[in-house]
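Following: one structure in structure tokens, then a few remarks.
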Amino acid sequence: MPLSIYNTLNRRLEPLRPRDPKRVTFYTCGPTVYDDAHIGNFRSFLAADVLRRFIESPLCELEGSGPGPRSVVHVMNITDVGHMTDDDQADGGGEDKMAVAGRRLLEQKKSGKLPPGVELDPNSPYDIARFYTMRFLDDAKKLGLKVAIEHDKDASLMPRATANVPGMIALIGKLIERGHAYVVGPAGARVVYFHVPSFEGYGALSGNTLDALREGAGGRVGTENQSGKKHPADFLLWKEDSTHIMKWDSPWGAGYPGWHIECSVMSAARLCGSGSVLSPAQLVQMQVPDAQPIIDIHSGGEDNIFPHHECEIAQSCCAFNASHSGPYAGMWFHPRFLFVEGAKMSKSKGNFFTARQLYLPAPEGKGIAPAAIRLELIRTHYRSNANFTEQGLKDSARMVERWRRFMDTAGKGSTSSDAAARGACREAIAAAMHDDLNIAGVLGELNGWLGRVDAPGPEDAELLREIDAVLGVLELEQAKSAQTDIGVFIGCEADPAVLAKLNERVEAKKAKDFARSDAIRNDLAAMGYQIKDVAGGKVEVRRG
RNA sequence: GGCCGCGUGCCCGAGUGGUCUAAGGGAACGGAUUGCAAACCCGUUUGUCGGCGGUUCGAAUCCGCCCGCGGCCUCCA
């Protein structure tokens, strides 16, 4: 059975049919870098990462193509332009996000809360964006996002919006030329709009056709603030604004681009060339035959379906397809939202977590192993609302520990388990993945098999490694640990006060004064440290 | 109001018409082990599958309606 994925575009499960099965092109809408990415962002990015890893895996079979090797060119953009809204009515305060982030960073700088070694001017939007981009890349690599790991060798895989403004200007010009966009307003306050009625396919992805939008009772396509637009649904491509915090020169005056145009440019620029990045001039030249996708897979959070992806389709097809129509992406992949402890994440409820708040060691974070975070975020089917819980995180952490023990044991063993059982397990896992990425099914098969293998050997380890190349869990770094003669500190420092207590406890135990040793354990618990005796006469110490 | 996704035990979740008296992982309980714990190991416990109706010899699985939760309808992963 070949790989099938739920395609948002056609609302059904469809086999993935890339144009070139040896080189699958994949674009993911990445983060906006005015703050640290939270675990909800990462759930979506990780789902895309698992999909690309599976396509690259020998376990994967694609319709109409032979076995691998196969590669995926996966591009994830970094949106480092702050203000991208069209009408100020959409955003209550209408304030630029980069400006807000700047104020926040300025406060942190004053109170000395910025990490050491960070040189940054809170008044510079470029500095703010660079700061959060760097942090995002750290987080992404910690959680095993392959695109971020590859980015170290090929920076073009994670293009920055600010570096692609010339391409956007070129594309906007092309859209005007082809009759899909128009300029309104006097010099000094010019605006370029995409004319939505000029694209017949509008609404195909989201169901929000122009008719539906007009009828929508809760819709916000009002008449106010629409002056100059030919149609209420027309959206911004360029806004002339010489006072804006980030601005570029253009044929329509100094200003900034609309939100949607960057993805049309960055996806085509990196994925439509043969390994190189297309220049603005090449983008203007580029033409794709009708009914042929421009890229194979496009992913993003479910909230991006409309308007962002709908508008992206309109722009890309009108700019690149021969007769201004086409699917743009063959497969649209949209993971659903993440809940935390049964509720929507919100800062006021106290259930809002950035990735680094979880994986950083105490006291900045909770010292949770990245592998546990990753597994917890990927194990709920991507098309369900997942619920991120402390209990679930513990479950995931235990599963990872079990797999690691299996690997350790297998590394020491010389003979492997029953080959037929191993083959059946591999096949069942592949079947589960081919069916719209059924990871829970994979875990069921995997854990069942693991439990039945008493003495794993090299071939067993090899199978687990092959599966983990898709899940991407075991390769992640383990919680930072520090060893001393007596303790193994996981996710925390070897505090001298704690070491003194541990030594005291060893003496007490040696003297068989168990009342005292228990009291010391309680003391440590009161200080926030959990301890347990482990192999080798050492004590494992965890914070929290 | 429109379009879309989801709904299985205490929790996470597998299951896509018969082998389902429903996988697997946790949790709880009991045992083994331990100075006591932790970890590991063994065993036990928990469900008729959101509701109602239909199709069928047979439905968690297909269809219809309803209920609940969630997303979008121009900030949002």
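Just so it is clear: chains get the letters A, B, ... in the order the sequence lines come, proteins before strands, and each one is counted from 1. In what follows, every heavy atom counts, from backbone to side chain, and hydrogens, waters and symmetry copies are set aside.
Across all strands shown, A/Lys344 has heavy atoms under 4.0 Å from sugar-phosphate atoms exclusively, and none from any base. Residue contacts for A/His334: at a heavy-atom cut-off of 4.0 Å it reaches no nucleic acid atom on any strand shown. Here A/Arg398 lies in heavy-atom contact (under 4.0 Å) with sugar-phosphate atoms only. Counting any heavy atom pair closer than 4.0 Å across all strands shown, A/Ser517 reaches a base atom. Residue contacts for A/Phe306: at a heavy-atom cut-off of 4.0 Å it reaches the sugar-phosphate backbone alone, with no base atom in range. Within 4.0 Å of A/Gly444, counting heavy atoms only, lies at least one base atom of the nucleic acid. Residue contacts for A/Leu338: at a heavy-atom cut-off of 4.0 Å it reaches a base atom on one of the strands shown. Using a 4.0 Å heavy-atom cutoff across all strands shown, A/Gly392 reaches no nucleic acid atom at all. Residue A/Tyr6 is in sugar-phosphate contact alone, with no base atom involved, counting any heavy-atom pair closer than 4.0 Å across all strands shown. Counting any heavy atom pair closer than 4.0 Å across all strands shown, A/Phe42 reaches no nucleic acid atom.
The gap from the C1' atom of B/rU16 to that of B/rU8 amounts to 14 Å, rounded to the nearest Å. On the C1' atoms, B/rG7 is 10 Å away from B/rC49, given to the nearest whole Å. Annotation: B/rG17 and B/rU61 have their C1' atoms spaced 6 Å apart (nearest Å). B/rG9 and B/rC3: their C1' atoms are spaced 34 Å apart (whole Å). Comparing B/rG53 with B/rA60, their P atoms are spaced 14 Å from each other, to the whole Å. Rounded to the nearest Å, the gap between the P atom of B/rC12 and that of B/rU74 is 33 Å. Here, B/rG68 and B/rC62 have their P atoms 23 Å apart, quoted to the whole Å. Of the C1' atoms belonging to B/rG43 and B/rU48, the separation is 26 Å, rounded to the nearest Å.
Judged by distance alone, with hydrogens and angles left aside, A/Asn385 brings no side-chain donor or acceptor close enough to the base of B/rG71 to form a pair under 3.5 Å. Checked by distance alone, A/Arg336 brings no side-chain donor or acceptor within 3.5 Å of a matching partner on the base of B/rC6.
For A/Asn208, taking side-chain heavy atoms from C-beta onward, the closest of the listed nucleotides B/rC4, B/rC6, B/rC72 is B/rC72. Comparing atom distances between the A/Arg521 side chain and each of B/rC36, B/rU16, B/rG70 picks out B/rC36 as nearest. Comparing atom distances between the A/Asn438 side chain and each of B/rC6, B/rC36, B/rG15 picks out B/rG15 as nearest. With B/rG25, B/rA77, B/rC3 as the choices, the nucleotide that has an atom nearest any side-chain atom of A/Met399 turns out to be B/rG25. Nearest nucleotide to the A/Pro307 side chain, out of B/rA77, B/rA37, B/rC73: B/rC73.
The interatomic distance linking A/Arg404 (CZ) with B/rC40 (P) rounds to 15 Å, in whole Å. Whole-Å rounding puts the A/Gln391 CD to B/rA28 P distance at 8 Å. As rounded to whole Å, 17 Å separates atom P of B/rU74 from atom CD of A/Gln315. Atom P of nucleotide B/rC40 and atom CG of A/Asp408 are separated by 14 Å, given to the nearest angstrom. Here the C1' atom of nucleotide B/rG71 and the NE2 atom of A/His309 are 14 Å apart, to the nearest Å. With rounding to whole Å, A/Lys532 atom NZ is found 18 Å from B/rG35 atom P. In this entry the distance linking CZ of A/Arg43 with P of B/rG71 reads 13 Å, nearest Å. The interatomic distance linking A/Asn447 (CG) with B/rC12 (P) rounds to 17 Å, in whole Å.
The shortest distance between the side-chain N/O atoms of A/Asn304 and the OP1/OP2 oxygens of B/rC72 is not below 4.0 Å. Phosphate contact (OP1/OP2 of B/rG13, side-chain N/O of A/Thr380, threshold under 4.0 Å): present.
Ion pairing between A/Glu504 and A/Arg516 holds under the 4.0 Å rule for side-chain N and carboxylate O. Using a cutoff of 4.0 Å between basic side-chain nitrogens and carboxylate oxygens, A/Glu14 and A/Arg12 are scored as salt-bridged. At a threshold of 4.0 Å, the pair A/Arg398-A/Asp395 does not count as salt-bridged, since none of the basic side-chain nitrogens sits closer than that to a carboxylate oxygen. The pair A/Asp49-A/Arg374 meets the salt-bridge criterion, with a side-chain N (NZ, NE, NH1 or NH2) lying under 4.0 Å from an Asp/Glu carboxylate O. Remark: A/Asp35 does not engage A/Arg135 in a salt bridge, criterion side-chain N to carboxylate O under 4.0 Å. We find that A/Arg452 and A/Asp418 are not joined by a salt bridge, their nearest charged nitrogen and carboxylate oxygen being 4.0 Å or further apart.
When all heavy atoms of A/Glu312 and A/Ser264 are compared, the closest pair comes out as O-OG, 3.3 Å.
Within 6.0 Å of atom CD in A/Glu341, more than 12 heavy atoms from other residues, nucleotides or ligands are found, so the atom counts as buried in its surroundings.
For B/rG64, the paired base is B/rC52 (Watson-Crick or G-U wobble, both distances below 3.5 Å). Nucleotide B/rU46 forms a pair with no other nucleotide shown, judged by Watson-Crick or G-U wobble geometry with both contacts under 3.5 Å. Look at B/rC10: its Watson-Crick or wobble partner, with both distances under 3.5 angstrom, is B/rG26. With a cut-off of 3.5 Å on both Watson-Crick or G-U wobble distances, the partner of B/rC3 is given as B/rG71. Look at B/rC20: it lacks any Watson-Crick or wobble partner with both distances under 3.5 angstrom. Remark: B/rA39 base-pairs with no nucleotide; criterion is Watson-Crick or G-U wobble with both hydrogen-bond distances under 3.5 Å.
Comparing A/Ala440 and A/Asp518 along RNA chain B, the residue whose closest nucleotide (by nearest heavy atom) sits nearer the 5' end is A/Ala440. Of the residues near RNA chain B, A/Ser44 and A/Thr8, the one whose nearest nucleotide (by heavy atom distance) lies more toward the 5' end is A/Thr8.
Look at A/Phe337 and the base of B/rA77; the rings stack, centres closer than 5.5 Å and planes less than 30° apart.
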Salt bridge (charged side-chain N to carboxylate O under 4.0 Å, His left out) assessment of A/Arg405 paired with A/Asp408: CA-CA 5 Å; A/Arg405 270 200 310 276; A/Asp408 288 346; over 6 Å; no

